[in-house]
Amino acid sequence: MVSYKHIILASNSPRRRELLSGLDLEYEVKVLPDIEETYPEGLAMEEIPRYIATEKAAAYKDLMTPDDLIITADTVVVLGDEVLGKPVDDDDARRMLRELSGKTHQVMTGVCLMTLEKKRSFTVITDVTFKALTDDEINYYVTKYQPLDKAGAYGIQEWIGYIGVTGLKGSYFNVMGLPVQRIYQELQAF
């Protein structure tokens with residue numbers, strides 16, 4: 001359904017690999033070390049993950065061949081006017097989960113598809129609602145699941161998602177870190 005000679009997923013995330021594999025595409029994982037994930041101040045919230053994904057893709061430009069199509073992504077959790085990235089430690093993870101407790105937030109994933117000739121980037125936004133989480137639930141999740149590698153300090157596909165998510169508007173897979181429905185659509189049109 002989608003044919004490219006050589007697709008490269010530029011991500012260490014096991015969730016992104018699992019999701020891209022679900023599209024039945026052949027691809028290779030290639031990750032460059034130390035790509036900066038910063039963004040200019042004043043950028044609109046929905047532009048942040050797209051900007052970072054595009055910057056990640058640009059880091060691969062000199063290493064690409066004419067047959068390569070690279071896929072990069074970045075996910076952020078937004079609550080009001082605060083961007084919740086990956087927590088720095090367990091206390092930060094607990095703080096983030098307390099902030100998300102009983103509220104609706106947005107998960108925004110920016111994706112960049114790039115060949116040597118063209119580039120397409122986009123952001124997918126999903127609204128996620130959590131029930132009011134108890135301190136015991138938050139402590140259990142942080143201790144057992146160590147969500148330090150996850151934006152907003154949670155994985156929807158883990159225990160906290162099972163017991164805590166009461167509403168979802170948009171792509172579930174986007175919340176996991178890769179909006180595969182939209183990627184499939186964009187690859188067909190690319």
[X], [Y]: one ILVMFWY side-chain cluster at the under-4.5 Å cut-off?
X: L178; Y: I48; value: no
X: V128; Y: V142; value: yes
X: Y184; Y: I125; value: no
X: L25; Y: F173; value: yes

Donor-acceptor contact below 3.5 Å, side chain S121 vs main chain V111 = no

Give a yes or no on whether the backbone of S171 and the side-chain of T126 come within a donor-acceptor separation of less than 3.5 Å.
-> yes

Could you report the tightest heavy-atom contact between [X] and [Y], atom names first, then the distance?
X: D92; Y: V88; answer: OD2-N, 3.0 Å
X: L100; Y: G152; answer: CD1-O, 3.5 Å
X: V31; Y: A10; answer: CG2-C, 4.4 Å
X: V29; Y: Y27; answer: CG2-CE1, 3.8 Å
X: V175; Y: V107; answer: CA-CG1, 3.8 Å
X: Y39; Y: I52; answer: CD2-CD1, 3.8 Å

Quick one: do K119 and C112 satisfy side chain to side chain contact (heavy atoms under 4.5 Å, CB included)? Show the steps, please.
-> CA-CA 7 Å; K119 176 171 58 175; C112 184; 3.6 Å; yes

Determine, stepwise, if the pair R50 / E47 fulfils salt bridge (charged side-chain N to carboxylate O under 4.0 Å, His left out).
-> CA-CA 5 Å; R50 181 181 0 197; E47 294 298 320; 2.8 Å; yes

Set of salt bridge (charged side-chain N to carboxylate O under 4.0 Å, His left out) partners for [X], sequence neighbours left out:
X: R17; answer: none
X: K150; answer: E158
X: E55; answer: none

Criterion side chain to side chain contact (heavy atoms under 4.5 Å, CB included) on M108 and V124, from CA distance to verdict = CA-CA 6 Å; M108 301 179 183; V124 175; over 6 Å; no

With a cut-off of 6.0 Å (strictly less than), are more than 12 heavy atoms of other residues, nucleotides or ligands near CD of E28?
-> yes

Does NZ in K144 sit with more than 12 non-hydrogen atoms of other residues, nucleotides or ligands closer than 6.0 Å?
-> no

Does the pair R94/E137 count as a salt bridge with the N-to-O cut at 4.0 Å?
-> no

D67/K5 salt bridge by N-O under 4.0 Å criterion | yes

Side chains of residues 68-80: which donor-acceptor partners sit under 3.5 Å, not counting sequence neighbours?
| unit_1 | atom_1 | unit_2 | atom_2 | d |
| --- | --- | --- | --- | --- |
| D68 | OD1 | H6 | ND1 | 2.6 |
| D68 | OD1 | T65 | OG1 | 3.3 |
| D68 | OD2 | T65 | N | 2.9 |
| D68 | OD2 | T65 | OG1 | 3.4 |
| T72 | OG1 | A53 | O | 2.6 |
| D74 | OD1 | K56 | NZ | 3.4 |
| T75 | OG1 | R16 | NH2 | 3.0 |
| T75 | OG1 | T109 | OG1 | 2.9 |

With salt bridge (charged side-chain N to carboxylate O under 4.0 Å, His left out) as the test, would you mind laying out the steps for D135 and R98 before giving the verdict?
-> CA-CA 8 Å; D135 282 341; R98 277 190 214 97; 3.4 Å; yes

Between [atom1] on residue [X] and [atom2] on residue [Y], distance to nearest 0.5 Å:
X: S101; Y: K131; atom1: OG; atom2: NZ; result: 7.5 Å
X: I138; Y: T134; atom1: CD1; atom2: OG1; result: 7.0 Å
X: L168; Y: D127; atom1: CG; atom2: CG; result: 8.5 Å
X: L116; Y: M64; atom1: CG; atom2: CE; result: 5.0 Å
X: T115; Y: I8; atom1: OG1; atom2: CD1; result: 11.5 Å
X: N12; Y: D149; atom1: CG; atom2: CG; result: 10.5 Å

Go through D81 and M45 one step at a time and tell me if the side chain to side chain contact (heavy atoms under 4.5 Å, CB included) criterion holds.
-> CA-CA 8 Å; D81 60 359; M45 295 289 184; 4.2 Å; yes

For residues 120-143, the ring-ring contact (aromatic ring centres under 6.0 Å, His included) pairs (sequence neighbours left out) are H105-F130, F130-Y154, Y140-W159, Y141-Y145

Not counting sequence neighbours, which residues clear ring pair (Phe, Tyr, Trp, His ring centres under 6.0 Å) with F190? List them please.
-> none

Can you check whether K103 reaches T129 side chain to side chain, under 4.5 Å on heavy atoms?
-> no

Do R120 and M114 have side chains that get closer than 4.5 Å, going by heavy atoms?
-> no

List the steps and the verdict of side chain to side chain contact (heavy atoms under 4.5 Å, CB included) for E82 and E99.
-> CA-CA 10 Å; E82 183 183 3; E99 286 182 22; 2.8 Å; yes

